[in-house]
Amino acid sequence: MFEVMIYDCDGVLVDSREANRAFYNHILDRFGLGPLTEAQLAVVHVSTAQGAIDFLFQGHPGRKEAQDYQRTINNDPFLPLLHPEPHIREVLMRLRTRYLTAIATNRGKSLPLVLHQVGLDNLFDLTVTAYDVTRPKPHPECLEKILSQFRLQPEAALYIGDAALDQEVAAAAGVDFAAYKNPELTARYHLQSHLDLLKVLNF
């Protein structure tokens, strides 16, 4: 039934929580602000970099300067904090014998670096980042762009995500949703491991 498997990036393909924490703590420290709280980390973890800075610097006079700064940061020091999710590479390699694979993420310029760091950079037919759309998630433009590129209807796609934002995007695009390691989400499928997707697909 499905023809393309579409993945979110952070929390699904890669464990990037500590890398994101370090990245935004670096910016906050530069502007004399304290480190992220866990509640703030939960928000920025699913946001675009621009959206994260708008959130962290709301009402702060240095917001524009912080936005300018985040665009210039060298991501290299944060890359060693990234780790691929268990089994993701072997699952993607199997999927690609039968399905198209794609990414729809709010990550921006750093996506190619992230994929290379965790050894996943040759396993996707298409990637759509926040830089490739005019309206990032929660707008469904990222999924719609993938469907348009492959000339597929929504029912041909499955979107794998880990956050309420991903659930919202899938619903808005009319695409079936698989929740990864988050049983609180409403989804057609719940995956505790990437291997579970192979069971769902009888593959």
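Everything numeric in this text was worked out from a predicted model, so none of it was measured.
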* Write down the atom of P138, the atom of E168, and the distance for their closest heavy-atom approach. => CB-OE2, 3.5 Å
* Asked: Does the Q40 side chain pair with the main chain of T37, one donor and one acceptor, at a distance under 3.5 Å?
  -> yes
* To do: Take L13 and V118, measure what side-chain contact (heavy atoms from CB on, under 4.5 Å) needs, and give me the verdict at the end.
  => CA-CA 9 Å; L13 297 175; V118 298; over 6 Å; no
* Any side-chain heavy atom of E90 sitting closer than 4.5 Å to one from M93? -> no
* **Exercise: identify the closest heavy-atom pair between A104 and Y159** => O-OH, 3.0 Å
* Asked: Which residues, ordered by chain and number, are linked to Y69 in its hydrophobic cluster, where ILVMFWY side chains connect at heavy-atom gaps below 4.5 Å, directly or through other members?
  -> F23, Y24, I27, L28, F31, L33, L36, L41, V43, V44, I53, F55, L56, F57, I73, F78
* **K64, NZ atom: more than 12 neighbouring heavy atoms under 6.0 Å** => no
* What residue among R17, R107, R21 forms salt bridge (charged side-chain N to carboxylate O under 4.0 Å, His left out) with D10? -> R107
* Structure fact -> Partner of K137 under side chain to side chain donor-acceptor pair (under 3.5 Å), picked from N106, T105, T48, D8, is D8
* **Student check: side-chain heavy atoms of M1 and E155 closer than 4.5 Å** => no
* H83 versus D15, side-chain donor and acceptor atoms under 3.5 Å -> no
* **In one Ile/Leu/Val/Met/Phe/Trp/Tyr side-chain cluster, 4.5 Å: V46, V128** => no
* **Separation between CG of L113 and CG of D76, rounded to the nearest 0.5 Å** => 6.5 Å
* Taking Q50 for the side chain and Q67 for the main chain, is one N or O donor matched with an acceptor at less than 3.5 Å? -> no
* Asked: When clusters are formed by joining ILVMFWY residues with side-chain heavy atoms under 4.5 Å apart, either directly or through shared neighbours, do I160 and L147 land in the same one?
  -> no
* To do: May I ask whether L152 and L201 are part of the same hydrophobic cluster, defined by side-chain heavy atoms of I, L, V, M, F, W, Y residues being less than 4.5 angstrom apart, directly or through others?
  => no
* **From CG (N75) to CG (L82), nearest 0.5 Å** => 9.0 Å
* Asked: Does L115 share a hydrophobic cluster with V14, counting links as ILVMFWY side-chain heavy atoms below 4.5 Å and allowing steps through other members?
  -> yes
* **Check: G119 main-chain N/O paired with R89 side-chain donor or acceptor under 3.5 Å** => yes
* Asked: Does L92 reach the side chain of L120, with side-chain heavy atoms less than 4.5 Å apart?
  -> yes
* Asked: Taking atom CG of D132 and atom CD1 of I146, what is their separation to the nearest 0.5 Å?
  -> 9.5 Å
* Least distance between heavy atoms, P35 atom then N25 atom -> CA-OD1, 3.3 Å
* Could you check if a side-chain atom of M5 sits within less than 4.5 angstrom of a side-chain atom of L158, using non-hydrogen atoms only? => yes
* **Pair L95-L198, side-chain contact (heavy atoms from CB on, under 4.5 Å): steps then yes or no** => CA-CA 8 Å; L95 288 174; L198 300 180; 4.1 Å; yes
* Exercise: identify the closest heavy-atom pair between K181 and P86 -> NZ-CD, 4.3 Å
* To do: Compare all side-chain heavy atoms of H194 with those of Y7 and state whether any distance is below 4.5 angstrom.
  => yes
* Structure fact -> Closest non-hydrogen contact found for A52 with S47 is N-CB, 3.9 Å
* Asked: If you round to the nearest 0.5 Å, how far is CG of N122 from CZ of R96?
  -> 7.0 Å
* So, does N182 use its side chain to make a donor-acceptor pair with the main chain of D162 at under 3.5 Å? -> yes
* **L123 vs T101, side-chain contact (heavy atoms from CB on, under 4.5 Å): CA-CA, chis, key distance, verdict** => CA-CA 7 Å; L123 294 175; T101 55; 5.5 Å; no
* Give, for atom CD1 of I6 and atom CG of D125, the distance between the pair rounded to the nearest 0.5 Å. => 11.0 Å
* Beyond-backbone contact of Y180 with D166, side-chain heavy atoms, under 4.5 angstrom -> no
* Asked: Which is it for V114 and S16 under the side-chain contact (heavy atoms from CB on, under 4.5 Å) test, yes or no, and what are the steps along the way?
  -> CA-CA 9 Å; V114 169; S16 56; over 6 Å; no
* Close side-chain approach of F150 to E3, heavy-atom, < 4.5 Å -> no
* To do: Keeping the roles fixed (side chain from E141, backbone from R135), state whether a donor-acceptor pair exists under 3.5 Å.
  => yes
* **Gap between atom CG of L126 and atom CD of Q149 - 0.5 Å precision** => 5.5 Å
* Structure fact -> On a heavy-atom basis, the closest approach of L191 and A178 is CD1-CB, 4.0 Å
* Asked: Do S193 and D196 have side chains that get closer than 4.5 Å, going by heavy atoms?
  -> yes
* To do: If a pair satisfies ring-ring contact (aromatic ring centres under 6.0 Å, His included) and one of its residues is in residues 91-146, list it, with sequence neighbours excluded.
  => none
* Same cluster for L197 and V175 if Ile/Leu/Val/Met/Phe/Trp/Tyr side chains link at under 4.5 Å? -> no
* To do: Taking atom CD of Q192 as the centre, report whether more than 12 heavy atoms of other residues, nucleotides or ligands fall under 6.0 Å from it.
  => yes
